[in-house]
Chemist: 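Let me give you the structure first, and then I'll get to my questions.
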Amino acid sequence: MEEINRIYDREAKRGLANREIWRRYIYPVYGITERTFYNILNASAEEKNIIAGDTRELLLFNGDDFAGMDGQ
């Protein structure tokens with residue numbers, strides 16, 4: 001979902017229409033409908049769906065990253 005938002009932000013700044021962004025860049029890669037594309041954009045704009053920066057960093061790790069860190 002973040003990648004879709006990055007693509008959208010990049011192309012919208014260049015002046016491309018939403019439908020054109022979906023048609024050229026989103027649908028060929030992600031295969032989602034235009035309606036789903038708009039739902040993703042709307043969902044990411046809602047404050048409850050924004051991840052705080054310090055929490056976002058924690059999401060980059062998984063349990064395997066910490067295996068064997070106890071010195072054994």
Chemist: Measuring from atom CD of Glu20 to atom CZ of Arg14, what distance do you get when rounded to the nearest 0.5 angstrom?
Modeler: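 The CZ atom of Arg14 is 11.0 Å from CD of Glu20, to the nearest 0.5 Å.
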Chemist: Residues in side chain to side chain donor-acceptor pair (under 3.5 Å) with Tyr38, at least two apart?
Modeler: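 Result, side chain to side chain donor-acceptor pair (under 3.5 Å) vs Tyr38: Glu34.
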Chemist: Between atom CD1 of Ile26 and atom OG1 of Thr33, what is the distance when rounded to the nearest 0.5 Å?
Modeler: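 One gets 12.0 Å once the value is rounded to the nearest 0.5 Å.
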Chemist: Considering only heavy atoms from C-beta outward, does the side chain of Ile32 approach that of Ile4 to under 4.5 Å?
Modeler: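 They are in contact (side-chain heavy atoms under 4.5 Å apart), so the answer is yes.
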Chemist: Just verifying a value: how many Å separate Phe37 CZ and Tyr27 OH, rounded to the nearest 0.5 Å?
Modeler: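 One gets 14.5 Å once the value is rounded to the nearest 0.5 Å.
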Chemist: Just how far is it from atom CG of Asn18 to atom CD of Glu11, taken to the nearest 0.5 Å?
Modeler: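 If we round to the nearest 0.5 Å, Asn18:CG and Glu11:CD are 11.5 Å apart.
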Chemist: Who passes salt bridge (charged side-chain N to carboxylate O under 4.0 Å, His left out) against Arg6, sequence neighbours left out?
Modeler: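 Partners of Arg6 by the salt bridge (charged side-chain N to carboxylate O under 4.0 Å, His left out) criterion, ordered by chain and then number, come out as Glu2, Glu3.
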Chemist: Would you please name every residue forming a side chain to side chain donor-acceptor pair (under 3.5 Å) with Arg10, sequence neighbours left out?
Modeler: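 Counting only residues at least two positions away or on another chain, Arg10 forms no side chain to side chain donor-acceptor pair (under 3.5 Å).
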Chemist: Say you draw a straight line from CG of Leu16 to OH of Tyr8; how long is it, rounded to the nearest 0.5 Å?
Modeler: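 Reported value, rounded in 0.5 Å steps: 10.0 Å.
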Chemist: Please round to the nearest 0.5 Å and tell me the distance separating atom CD1 of Ile7 and atom OH of Tyr25.
Modeler: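 So the CD1 of Ile7 and the OH of Tyr25 are separated by 9.5 Å.
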